[in-house]
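The structure appears below as structure tokens.
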Amino acid sequence: MSPESKADKHARALEILRRLEGAYPGADCALHWKDPFQLLVATILSAQTSDEQVNKITPDLFRRYPNPAALAAASQAEVEGAIRSIGLFRNKAKNLRLMSAQLCEEFGGEVPQTMEQLTALAGVARKTANVLLGTAFGIPSGIVVDTHVHRLAIRMGLCKRTERYPEKVEKELMPLFPQDRWVFVGHALILHGRQVCIARAPQCDTCPLSDVCPKRI
DNA sequence: ATCCCGAGGG
DNA sequence: CCCTCTGGAT
């Protein structure tokens, strides 16, 4: 099979975007949150965990710890107990407490709005920072590459099939889509990955993107 | 490259 | 049983 040209790949990416806009017009963050601090906490919790599992525990968590000062003051055991059901709970509890203390000490209890400041927080790397910048602050600084976006980018032939690093996948995806659609692309691909292009059993027969997908799985 | 880790689905 | 889930730190 001859390799796809850059122009063809770009045109196909824009058609994929059109299909996503048609299939998931209201695609949005599935995590429940009311302010940037809550979104930051929920996103840290969401690592290797389904959003439903996170949404089950955050109402009680946000009631107990409504702000960074409250979460920074909580004990490790207390926080672990509140988030145990989602897995990776020791690391997440430690990061939540450290991150909250950083917000209090360095940013007056507010969530910062730059990539550099966000990624300096405990438990926050580029993916989580992109979620905050794009979804909480309306600043499209990149494309969220989580486990779904990573898998779909490979299946759709939008990045190298052997690419293992999310940041490199993101750099391949960004020039393929208009910057003002980057946030939507992340939300829509995650939704599509959960509902149709499922990890174990992709539903190719009912997929609205089937004819613009190389299907190299 | 490895570790963290419980819940849900097949 | 096995695989997967809106990753990040060491």
Side-chain angles (χ1 to χ4, degrees), chain A residues 20 24 26-33 36-61 76-77 79-102 111 115-137 140-156 158-159 162-171 173-174 182-203 217:
Chain A
L20 291 172
Y24 311 102
D28 199 0
C29 181
L31 297 168
H32 297 164
W33 60 282
F37 174 66
Q38 290 189 355
L39 181 59
L40 180 52
V41 170
T43 306
I44 289 174
L45 290 175
S46 72
Q48 300 298 126
T49 308
S50 72
D51 53 347
E52 284 99 340
Q53 297 303 118
V54 175
N55 289 334
K56 277 183 194 172
I57 67 164
T58 45
D60 179 63
L61 191 68
Q76 175 71 15
V79 179
E80 284 184 6
I83 69 172
R84 182 173 300 273
S85 65
I86 64 172
L88 306 179
F89 59 89
R90 291 186 183 89
N91 287 336
K92 289 175 182 177
K94 184 177 70 177
N95 286 332
L96 287 180
R97 295 172 64 234
L98 283 171
M99 175 277 288
S100 297
Q102 285 177 284
V111 180
M115 178 63 70
E116 186 179 3
Q117 292 171 324
L118 283 166
T119 54
L121 297 171
V124 179
R126 193 171 168 91
K127 179 261 171 179
T128 298
N130 273 334
V131 171
L132 266 291
L133 290 169
T135 300
F137 301 131
S141 59
I143 295 176
V144 169
V145 178
D146 71 328
T147 180
H148 291 297
V149 175
H150 193 163
R151 178 181 73 253
L152 267 60
I154 291 173
R155 285 182 176 173
M156 292 180 180
L158 298 178
C159 74
T162 54
E163 188 51 72
R164 296 188 297 109
Y165 297 97
E167 289 193 14
K168 291 188 179 178
V169 175
E170 185 187 357
K171 282 181 183 174
L173 291 180
M174 287 195 290
W182 285 355
V183 178
F184 172 80
V185 167
H187 289 146
L189 286 179
I190 289 167
L191 204 54
H192 187 60
R194 293 189 54 199
Q195 298 181 354
V196 181
C197 198
I198 302 164
R200 285 170 310 212
Q203 313 288 303
I217 306 170

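A, B, ... follow the sequence lines: proteins, then strands. Residue 1 opens every chain.
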Taking only the P atom of each, what is the distance from C/dT6 to B/dG10 in whole angstrom? 15 Å
Any non-hydrogen side-chain atom of A/I86 less than 4.5 Å from a side-chain atom of A/K92? yes
Between A/I86 and A/Y165, whichever has its closest DNA chain B nucleotide further toward 5' is A/Y165
So what does A/V124 touch, heavy atoms closer than 4.0 Å: a base, only the sugar-phosphate, or nothing?
sugar-phosphate
Within the 4.0 Å heavy-atom criterion, would you say A/K94 contacts the bases, only the backbone, or no part of the nucleic acid?
nothing
Please answer whether the main-chain N or O of A/Q195 pairs with a side-chain N or O of A/Q203 as donor and acceptor at a distance below 3.5 Å.
no
Taken to the nearest whole Å, NZ/A/K92 to P/B/dA7 is 12 Å
Checklist entry - Are A/R194 and A/E52 within salt-bridge range, i.e. N to O under 4.0 Å? => result yes
Below 4.0 angstrom from OP1 or OP2 of B/dA1, is there any side-chain N or O of A/R164?
yes
Report task. Check every strand shown and say whether A/R90 touches a base, only sugar-phosphate, or nothing at a heavy-atom separation below 4.0 Å. Result -> sugar-phosphate
With a 4.5 Å heavy-atom cut-off, do A/L118 and A/V111 have their side chains touching?
yes
The first and last nucleotides of DNA chain C lying within contact of chain A, meaning any atom under 4.0 Å from one of its heavy atoms, run from C/dC3 to C/dA9
Rounded C1' spacing from C/dT4 to B/dC4 in Å = 16 Å
Is there a side-chain contact between A/M99 and A/V41 in this structure, where contact means two heavy atoms from C-beta onward sitting under 4.5 Å apart?
yes
Considering only atom C1', compute the distance from C/dC2 to B/dC5 and round it to an integer number of Å.
16 Å
The residue, A/T119 or A/R200, whose nearest nucleotide of DNA chain C is more 5′ is A/R200
Open item on the list: Considering every strand and a 4.0 Å limit on heavy-atom distances, what is the contact class for A/L39: base, sugar-phosphate, or nothing?
Closed with: nothing
Numerically ordered, the residues 42-51 of chain A set in heavy-atom contact under 4.0 Å with DNA chain B is A/Q48
Taken to the nearest whole Å, CG/A/L88 to C1'/B/dG6 is 8 Å
In whole angstroms, the gap separating P of B/dA7 from CG of A/N55 amounts to 17 Å
note: A/I83, atom CD1; B/dA7, atom P; distance rounded to Å ~ 13 Å
task = Using atom types as modelled and distance alone, determine if a side-chain donor or acceptor of A/R151 lies under 3.5 Å from a backbone N or O of A/C197.
result = yes
Check: A/E170 and A/N130 side chains under 4.5 Å, non-hydrogen atoms: yes
inquiry  = Pair A/D51, A/S46 - check side chain to side chain donor-acceptor pair (under 3.5 Å), show working.
reply    = CA-CA 6 Å; A/D51 53 347; A/S46 72; over 6 Å; no
I want to check something: taking the side chain as every heavy atom from C-beta on, are A/H187 and A/Y24 in contact at a cut-off of under 4.5 Å? no
